[in-house]
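Please read the structure below before turning to the comments.
Keep in mind that this is a model prediction, so the values were computed, not measured. In what follows, chains are A, B, ... by sequence order, proteins preceding strands, each numbered from 1.
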Amino acid sequence: DGGITQSPKYLFRKEGQNVTLSCEQNLNHDAMYWYRQDPGQGLRLIYYSQIVNDFQKGDIAEGYSVSREKKESFPLTVTSAQKNPTAFYLCASSISPSGANVLTFGAGSRLTVL
Amino acid sequence: QKEVEQNSGPLSVPEGAIASLNCTYSDRGSQSFFWYRQYSGKSPELIMSIYSNGDKEDGRFTAQLNKASQYVSLLIRDSQPSDSATYLCVISGTYKYIFGTGTRLKVLA
């Protein structure tokens, strides 16, 4: 079945550590997105990629980094510069970088800072 | 003014009733409108998409769009306890998706 796989589902980070969240899709979608969800807030865009080897900052990119070396993969690294990283992270994709397209989400990764 | 506004709820309706969820948006250039359902601790899943003024029906769900009033709504007929979730209104323009904070729906058995 086609879909988006995020791993790990749960992740714990110590202060000063970088962690990487994996996002893999087999939908043959061009566009991929990373969102952060905090309680009582809407999803906020961290980074997005419209095509391989290209990505753009979203609204809250500080303290995060991404890469898009393959069409299927869009990993997110939460660096130690991100001061409040505890959140639910959602990876999504769409068939092309047009706002008319439906977003498909992965199951999410929940990051907790110890 | 928030770009996408939803009443956070909870909206409580009895089983079998119609649930009405509302959303207003500020960008008149918005072109695409989506409703997602999100169960607690899970990721959002698409319920409906709508792109032109009027109503769009899919089973028990009806989406309504009024671009002049910058208003989009979701009606759920014959509400079931399994419909209890948070419903996210999502608006998009050229490529950016803007999410509302969601309305929490509780269907009482």
At a heavy-atom separation under 4.5 Å, does Leu90(A) approach chain B through its side chain, its backbone, both, or neither? side chain
So that I know where these two stand, are Phe105(A) and Tyr36(B) an aromatic pair - ring centroids less than 6.0 Å apart? yes
Identify which of Gly108(A), Ala100(A), Ser94(A), Ala92(A) forms the greatest number of heavy-atom pairs closer than 4.5 Å to chain B. Ala100(A)
Side chain of Ser69(B), backbone of Asn66(B): donor and acceptor closer than 3.5 Å? no
With a 4.5 angstrom heavy-atom cut-off, which part of Phe33(B) approaches chain A: side chain, backbone, both or neither? neither
Decide whether Asn101(A) and Ser96(A) meet the rule of one side-chain donor and one side-chain acceptor closer than 3.5 Å. yes
Of the listed residues (Pro44(B), Gly102(B), Ser49(B)), which shares the most heavy-atom pairs with chain A below a 4.5 Å separation? Pro44(B)
Do Gln38(B) and Gln37(A) pair up side chain to side chain, a donor and an acceptor below 3.5 Å, judged on atom types alone? yes
Hey, which of Phe74(A), Tyr33(A), Trp34(A) is the one that makes side-chain contact (heavy atoms from CB on, under 4.5 Å) with Ser49(A)? Phe74(A)
Of the backbone (N, CA, C, O) and the side chain (C-beta and beyond), which part of Arg110(A) lies under 4.5 Å from a heavy atom of chain B, both, or neither? side chain
